[in-house]
Undergrad: 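Below you'll find the structure I mean.
Nothing here was measured: the structure is a model prediction, and the numbers come from that model.
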Amino acid sequence: MIGLTASLAGLALMILNPPTRSDDPKAIAMQPNAHEERLGAEASFIAAAPMGVQEVEGELIVAGWKSARARIKKRGRAFKSRFSWISASVLAVFIASAGAGMLLTGTEVAIVAELDAAMQSHRLGLVFFFWCGASLIGGLVYGSMKRVVSPLLLLLFMAILTIPMYFAWDTWSLALFSALPGFLCAPTLSAASEWLTDLVAEKRRGEAMGWYGSAMTAGTALGSPVTGLFVDSVGPAYAFVGIGIMATIVVLAALVAQQIRRRVRRARRQRWETTA
């Protein structure tokens, strides 16, 4: 069923064919042979020139060497500034992505362990129906909003709402408690990707989205073993508390670092304005 749904989504994207970049005339690349054609035209001009003009050929060669050195230096600076698009806000988005992956995977493992301990593994679909259904509803509600919410703030509330799943006493209560953090799952991921596309230039968005996916994969890979340690050491119910507190600490650390970064930048700006 999941594979069929993914295939239908891919087919819909192929049919609709939405634009992946803006219609910017400056984004049109130079023809690959334009540089070679310009050099050929200069050589033809020198060969066909009257007497005395060929003497400038050496000067053109020297100028060409200087231009080549300038291009090499420019490429070196471009290589150093390859990751210049990364800022404190972009790192905050990556942290939100990793935290969301860790929290989602940890919650899934804890739900399975909780039902397995209660001998109710056959009712896993019921809990997932409430959890994933709430995420679907939350995504539709967030998509209808015109205001963009910080993904760190959404992840913070999702982590806090995961902790009450500890108080579930049966399958139905676990399903109802899971709907609380599930409601913020899709909005958190949507807000993170939306923020990232706004923070990064269009020519860097592909690379940024790659790092965004890597951050989520890293968080997902970390969530399962960490939650497994909680399950094995203190029990599945405490795993919800543990993974929720861990995600909360990660978000609070990211928010504090972001505020410190903003204060430092504000202080530098004020110092520059006073000296100017």
Undergrad: Tell me the closest heavy-atom pair linking Gly139 and Pro187, and the distance in Å.
TA: N-CD, 3.9 Å
Undergrad: Can you see which heavy atom on Ser193 is nearest to which on Ser190, and at what distance?
TA: OG-O, 3.0 Å
Undergrad: In this structure, would Leu189 and Met209 fall into the same cluster of hydrophobic residues linked by side-chain contacts under 4.5 Å?
TA: yes
Undergrad: May I ask you to test the Phe240-Thr227 pair for a side-chain heavy-atom distance under 4.5 Å?
TA: no
Undergrad: Calculate, to the nearest 0.5 Å, the distance between atoms CG and SG belonging to Leu155 and Cys185 respectively.
TA: 10.0 Å
Undergrad: One pair to check against side chain to side chain contact (heavy atoms under 4.5 Å, CB included): Val241 and Phe230. What are the steps and the verdict?
TA: CA-CA 9 Å; Val241 180; Phe230 284 115; over 6 Å; no
Undergrad: Could you state the interatomic distance from CG (Leu252) to CG (Leu152), rounded to the nearest 0.5 Å?
TA: 10.0 Å
Undergrad: Are Phe177 and Val231 connected into the same hydrophobic cluster when the rule is that any two of I, L, V, M, F, W, Y join if their side-chain heavy atoms are below 4.5 Å apart?
TA: no
Undergrad: Write down the atom of Gly106, the atom of Ile243, and the distance for their closest heavy-atom approach.
TA: CA-CG1, 4.1 Å
Undergrad: Can you see which heavy atom on Ser97 is nearest to which on Met216, and at what distance?
TA: OG-CB, 3.1 Å
Undergrad: Determine whether Leu255 and Val251 make a side-chain contact, defined as any pair of heavy atoms from C-beta on separated by less than 4.5 Å.
TA: yes
Undergrad: Is it true that, when you exclude Phe157 itself, more than 12 heavy atoms of the residues, nucleotides or ligands shown sit nearer than 6.0 Å to its CZ?
TA: no
Undergrad: Evaluate the ring planes of Tyr166 and Tyr238, with Trp represented by its six-membered ring, and classify them as parallel (under 30°), tilted (30 to 60°) or perpendicular (over 60°).
TA: tilted
Undergrad: Check whether any side-chain heavy atom of Trp131 lies under 4.5 Å from a side-chain heavy atom of Leu174, and answer yes or no.
TA: no
Undergrad: Looking at side-chain heavy atoms only, is the closest gap between Thr107 and Met165 below 4.5 Å?
TA: yes
Undergrad: Does some side-chain heavy atom of Ile95 sit less than 4.5 Å from a side-chain heavy atom of Val250?
TA: yes
Undergrad: Are any of the side-chain heavy atoms of Val149 and Tyr142 separated by less than 4.5 Å?
TA: yes
Undergrad: Identify the two heavy atoms, one from Ile163 and one from Gly244, that lie closest to each other, and give their separation to 0.1 Å.
TA: CG1-CA, 4.1 Å
Undergrad: Do Leu104 and Thr220 have side chains that get closer than 4.5 Å, going by heavy atoms?
TA: no
Undergrad: State, to 0.1 Å, how close Pro236 and Ala117 come at their nearest heavy-atom pair, and which atoms those are.
TA: CG-CB, 4.1 Å
Undergrad: Quick check: are there more than 12 heavy atoms from other residues, nucleotides or ligands sitting under 6.0 Å from CE of Met119?
TA: no
Undergrad: Rounded to the nearest 0.5 Å, how far apart are OG of Ser173 and CZ of Phe167?
TA: 12.0 Å
Undergrad: If Ile, Leu, Val, Met, Phe, Trp and Tyr residues are connected whenever their side-chain heavy atoms lie under 4.5 Å apart, and connections chain through other members, are Leu4 and Leu11 in the same group?
TA: no
Undergrad: Check the pair Trp172 / Phe130 against side chain to side chain contact (heavy atoms under 4.5 Å, CB included), numbers first and verdict last.
TA: CA-CA 10 Å; Trp172 280 100; Phe130 278 83; 3.8 Å; yes
Undergrad: Same cluster for Met158 and Leu161 if Ile/Leu/Val/Met/Phe/Trp/Tyr side chains link at under 4.5 Å?
TA: yes
Undergrad: Report whether Val234 and Trp169 are members of the same hydrophobic cluster (ILVMFWY, side-chain heavy atoms less than 4.5 Å apart, transitive linking).
TA: yes
Undergrad: Look up atom OG1 in Thr171 and atom CG in Leu176, then write down how far apart they are to the nearest 0.5 Å.
TA: 11.0 Å
Undergrad: For the CG atom of Leu222 and the CG atom of Leu103, what is their distance to the nearest 0.5 Å?
TA: 12.0 Å
Undergrad: Would you say Val226 and Met102 make side-chain contact, with heavy atoms under 4.5 Å?
TA: no
Undergrad: Once you round to the nearest 0.5 Å, how far does OG of Ser135 lie from CG of Leu140?
TA: 9.5 Å
